[in-house]
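When reading the values below, keep in mind they use all heavy atoms of this one structure, side chains included, and skip hydrogens, waters and symmetry mates. Here is the naming used below: chain letters follow the sequence lines, and residue numbers restart at 1 for every chain.
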Amino acid sequence: MLHDVYTTIETAIKETSGTADALLTDGGEHADFASTVAFALAKQKKQAPVKIAQDLVADLRKRPELSGMTIEAKGPYINFIFGNAYVSEVLKAAVQPGYGNLEKKTTRVVLEHTSANPNGPLHVGHIRNSIIGDTLARAFRKAGYPLEVQYYVNDMGRQIAIVVWGFDNLDSAQQTGEKEDAHIARIYIAANREIEKDEGITQQVNTLMQLVENGDPATVKKFRNEVSRCLDGFRVTMKDLNVAHDRFVWESDFIRNGDTERIINKLKGMPQAHEDETLYLDLSEFGFENKYVIRRSDGTSVYAARDLAFHAWKGANFDRIIDVLGADHKLIGAQLQCTMKILGEKVPEIVYFEFVSLPEGSMSTRAGKFVSADDLITEIRKRAFDEVTARRPELDEESRKAIAQSVGLAAIRYDIVKVSPEKNTIFDWKEALDFERQSGPYIQYAHARACSILEKAGEFAECYDMETEQEIILAKQIAKFPRVIEKVVTELRPHILATYARELADTFNTFYHFEPVLKSEGKIRDRRLTLVKAVQNTIKESLETLGIDAIRSM
RNA sequence: GGGCCUGUGGCUUAGCCUGGACAUAGCGCCGGGCUUCUAACCCGGAUGUCGGGGGUUCAAAUCCCCCCAGGCCCGCCA
């Protein structure tokens with residue numbers, strides 16, 4: 001609906017001014033929309049921008065399609081302020097369940113995220129991938145797309161071979177109470193130490209890799225077994241984070257089913273292909289200087305070959321392919337996109353996020369230097385439980401635990417998703433455990449507050465005619481929600497939703513402190529309750545799209 | 001050496017793609033607000049060479065060029 005209004009204004013400006021671009025932008029604090037078209041016309045019309053703006057406003061006010069809207073010239077700016085009819089329309093939609101759902105689409109989307117190597121637990125860097133990916137997934141579903149979310153299981157890598165070697169050759173018993181993925185990390189770290197001491201082990205690891213590629217049943221079974229155990233651990237962590245995948249796709253399947261062989265044969269026929277000891281592509285004409293190796297001299301395939309096969313398969317089954325990958329994948333991601341394009345296959349869209357490091361430096365599973373997501377979850381639940389206990393001592397332990405779990409989840413997810421993905425971040429315990437403003441719990445609190453008012457209010461007659469400045473500001477903030485969802489899926493930037501949800505909570509809190517709801521009477525009470533219902537519903541939809549529980553009490 | 005990303009008050013951060021009205025907010029700091037709808041809150045104040053320099057433009061945090069600093073990448077690893 002906001003979109004329709006935008007188009008209407010845009011067309012009106014173009015027709016009135018005769019320009020090709022209406023230069024229409026968000027009006028910020030001044031207006032709902034504003035145009036700077038007067039600046040652009042100043043030179044050609046040889047008139048002052050202020051005069052041009054005044055003349056245009058006079059003409060625009062005559063247009064019937066803009067009636068009900070306040071149009072004014074403020075210096076060279078032309079401001080558009082929506083009328084009450086617009087606000088009423090918005091609120092009618094915003095009180096309905098599923099507000100913000102966009103129209104159903106038929107484009108089938110496949111989204112891959114997390115896909116961490118199964119050689120140790122998910123750490124705070126991996127879950128940046130999970131949370132960006134899962135939030136995008138929720139936004140796509142809200143935007144009406146049929147979507148499948150996949151986890152690509154790298155079960156043939158050197159890391160896994162090292163894990164398998166460790167289990168075969170070291171003291172590898174699982175300790176009591178030790179989670180599967182933590183157990184695997186312990187063996188992986190120990191095995192790497194052995195490799196540093198004795199170079200001969202590398203040969204044994206290479207042998208394991210050859211055996212698995214050739215399909216040696218015993219080796220394949222060992223690899224599958226350890227990888228599965230690690231994934232079981234991941235599933236627990238991801239469930240705690242409210243992150244879900246529809247399908248786990250195993251890398252080795254693309255060897256077994258012949259897809260990798262098929263794509264290699266196809267690549268051989270390309271003009272960019274070169275075959276000496278290895279098979280590689282020369283992509284220098286596209287700006288890539290290094291060789292893009294597809295097959296080793298010993299005949300085994302490399303990761304890139306399997307990845308090409310995987311993406312060709314995705315392209316055959318879906319209309320749009322999106323991958324969420326760490327910034328370290330930028331080069332190979334670009335090479336993959338380039339190669340898919342040359343092959344005439346669908347080109348994946350890739351969302352990159354920069355690294356999360358620790359105050360003491362980069363994280364490394366191999367070196368055992370990382371903060372695991374499980375540790376973070378445990379700590380944050382403890383901290384949240386203490387907080388709930390201090391604030392709500394009257395609640396029984398079970399209720400406090402449930403709230404703490406939701407609050408902890410909110411704190412983690414929001415803390416990660418609120419930052420632009422291209423920003424390098426340093427994990428900070430103090431900040432992660434903060435529940436104040438610009439946090440998930442802050443937004444949950446605003447929601448719980450709205451729920452509390454509605455619960456106390458009981459029945460009321462919905463009224464959509466807002467009057468005071470605070471009411472209208474809040475209603476217009478609510479109006480932006482569907483556009484935010486649209487923007488997230490268009491730009492593939494979920495942090496936009498995080499910012500929006502916080503701003504909506506801010507606006508509601510300000511309203512709450514200035515405009516009494518339950519204490520007002522008659523029509524004023526009805527319309528404010530309607531507004532609270534709309535804001536409660538919009539915050540709820542926002543939180544759920546962020547993968548955060550919209551709890552009714554906290 | 002080359003490529004990509006980042007650099008915004010003491011700290012963290014939005015805005016940058018699509019240039020425009022006093023640069024967004026949080027933490028911290030100073031001062032206020034709970035016998036009143038949940039104070040995980042609200043209101044007010046101080047704090048900014050938008051990394052540096054050049055350029056384009058009526059107008060630059062935003063576009064272009066150069067430089068500086070940090071991160072990542074440039075493997076017959078994944």
Look at the side-chain N and O atoms of [X] and state whether any lies under 4.0 Å from the OP1 or OP2 oxygen of [N].
| X | N | result |
| --- | --- | --- |
| Lys330(A) | C74(B) | no |
| Lys423(A) | A14(B) | yes |
| Ser362(A) | G71(B) | no |
| Arg449(A) | A39(B) | yes |
| Tyr442(A) | A25(B) | no |
| Thr278(A) | C76(B) | no |
| Arg306(A) | A78(B) | yes |
| Arg437(A) | G26(B) | yes |
| His329(A) | C74(B) | no |
| Ser420(A) | C5(B) | no |
| Lys418(A) | A25(B) | no |

What's [X] touching, base or sugar-phosphate or nothing? Going by heavy atoms closer than 4.0 Å.
| X | result |
| --- | --- |
| Tyr512(A) | base |
| Met156(A) | nothing |
| Thr510(A) | sugar-phosphate |
| Arg502(A) | sugar-phosphate |
| Gly27(A) | base |
| Ile332(A) | base |
| Val532(A) | nothing |
| Gln444(A) | nothing |
| Val517(A) | base |
| Gln335(A) | nothing |
| Asn79(A) | base |
| Glu491(A) | base |
| Ala42(A) | nothing |
| Lys43(A) | sugar-phosphate |

Point to revise | Asp434(A) CG to C11(B) C1', straight-line distance once rounded to whole Å | key: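 That distance rounds to 13 Å.
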
Point to revise | Validation row: Val488(A), Tyr500(A) side chains within 4.5 angstrom (heavy atoms) | key: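 Val488(A) does not reach Tyr500(A) side chain to side chain.
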
Practice item. Please tell me if the side chains of Trp165(A) and Val205(A) come closer than 4.5 Å, counting only heavy atoms from C-beta onward. Key: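 Yes - at least one pair of side-chain heavy atoms lies under 4.5 Å apart.
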
[options]: which one has an atom nearest the side-chain heavy atoms of [X]?
| X | options | answer |
| --- | --- | --- |
| Asn154(A) | U38(B), A78(B), C73(B) | A78(B) |
| Asn290(A) | C37(B), A21(B), C74(B) | C74(B) |
| Ala34(A) | U12(B), A21(B), C58(B) | A21(B) |
| Asp328(A) | G15(B), C72(B), C77(B) | C72(B) |
| Thr499(A) | A14(B), U18(B), A21(B) | A14(B) |
| Arg493(A) | A78(B), G15(B), U6(B) | G15(B) |
| Glu289(A) | U38(B), G2(B), C37(B) | G2(B) |

Practice item. For residues Phe427(A) and Trp429(A), establish whether the separation of their ring centroids is below 6.0 Å. Key: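 Yes; Trp429(A) has its ring centre under 6.0 Å from that of Phe427(A).
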
Point to revise | Close aromatic pair by centroid cut-off 6.0 Å: Tyr292(A) and Tyr280(A) | key: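 They do not qualify: ring centres at least 6.0 Å apart.
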
Separation between the [atom1] atoms of [N] and [M], rounded to whole Å:
| N | M | atom1 | value |
| --- | --- | --- | --- |
| U57(B) | C64(B) | C1' | 12 Å |
| U24(B) | U8(B) | C1' | 10 Å |
| C30(B) | G10(B) | C1' | 15 Å |

Check your understanding: Where does the angle between the aromatic ring planes of Phe234(A) and Tyr151(A) fall among parallel (under 30°), tilted (30 to 60°) and perpendicular (over 60°)?
Key ->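 Answer is tilted, since the angle falls between 30° and 60°.
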
Point to revise | Polar side chain donor-acceptor pair, Arg525(A) to Ser520(A), under 3.5 angstrom | key: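 The answer is no; no qualifying pair exists.
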
Exercise for review: Tell me which of Arg296(A) and Asn509(A) sits closer to the 5' end of RNA chain B, going by the nucleotide each one is nearest to.
Suggested key: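 Closest to the 5' end, via its nearest nucleotide, is Asn509(A).
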
Exercise for review: Find which nucleotide of RNA chain B each of Lys430(A) and His30(A) is nearest to by heavy atoms, and output the residue with the more 5' nucleotide.
Suggested key: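 Comparing both residues, the 5'-ward one is His30(A).
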
Practice item. May I ask you to decide if Ser301(A)'s main-chain N or O and Glu213(A)'s side chain share a donor-acceptor pair within less than 3.5 Å? Key: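 Checking the backbone N and O of Ser301(A) against the side chain of Glu213(A), a donor-acceptor pair under 3.5 Å is found.
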
Review point. So, Thr490(A) side chain and Glu486(A) main chain: donor-acceptor pair closer than 3.5 Å or not?
Key: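 Checked: pair present.
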
Point to revise | Minimal non-hydrogen separation, Ile443(A) against Ile539(A), with atom names | key: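 Heavy atoms only, the tightest pair is CG2-CG2, 3.8 Å.
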
Point to revise | Taking every non-hydrogen atom, the tightest pair across Ser130(A) and Thr114(A) | key: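 Reported closest heavy-atom pair: OG-OG1, 2.8 Å.
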
Point to revise | Footprint string (nucleotides 60-70 of chain B, 5' to 3'): B base within contact, S backbone only, - free, heavy atoms under 4.0 Å | key: ----------B

Point to revise | Identified pairing partner of C16(B), criterion: Watson-Crick or G-U wobble below 3.5 Å | key: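 With both distances under 3.5 Å required, C16(B) matches none.
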
Exercise for review: Could you let me know what C27(B) is paired to, Watson-Crick or G-U wobble, both distances under 3.5 Å, or none if it's on its own?
Suggested key: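 Matched C27(B) with G10(B) under the 3.5 Å cut-off.
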
**Study point:** Residue of the set Glu462(A), Glu471(A), Glu515(A) for which salt bridge (charged side-chain N to carboxylate O under 4.0 Å, His left out) holds with Arg527(A)
**Key:**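 Considering Glu462(A), Glu471(A), Glu515(A), a salt bridge (charged side-chain N to carboxylate O under 4.0 Å, His left out) with Arg527(A) is found only for Glu471(A).
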
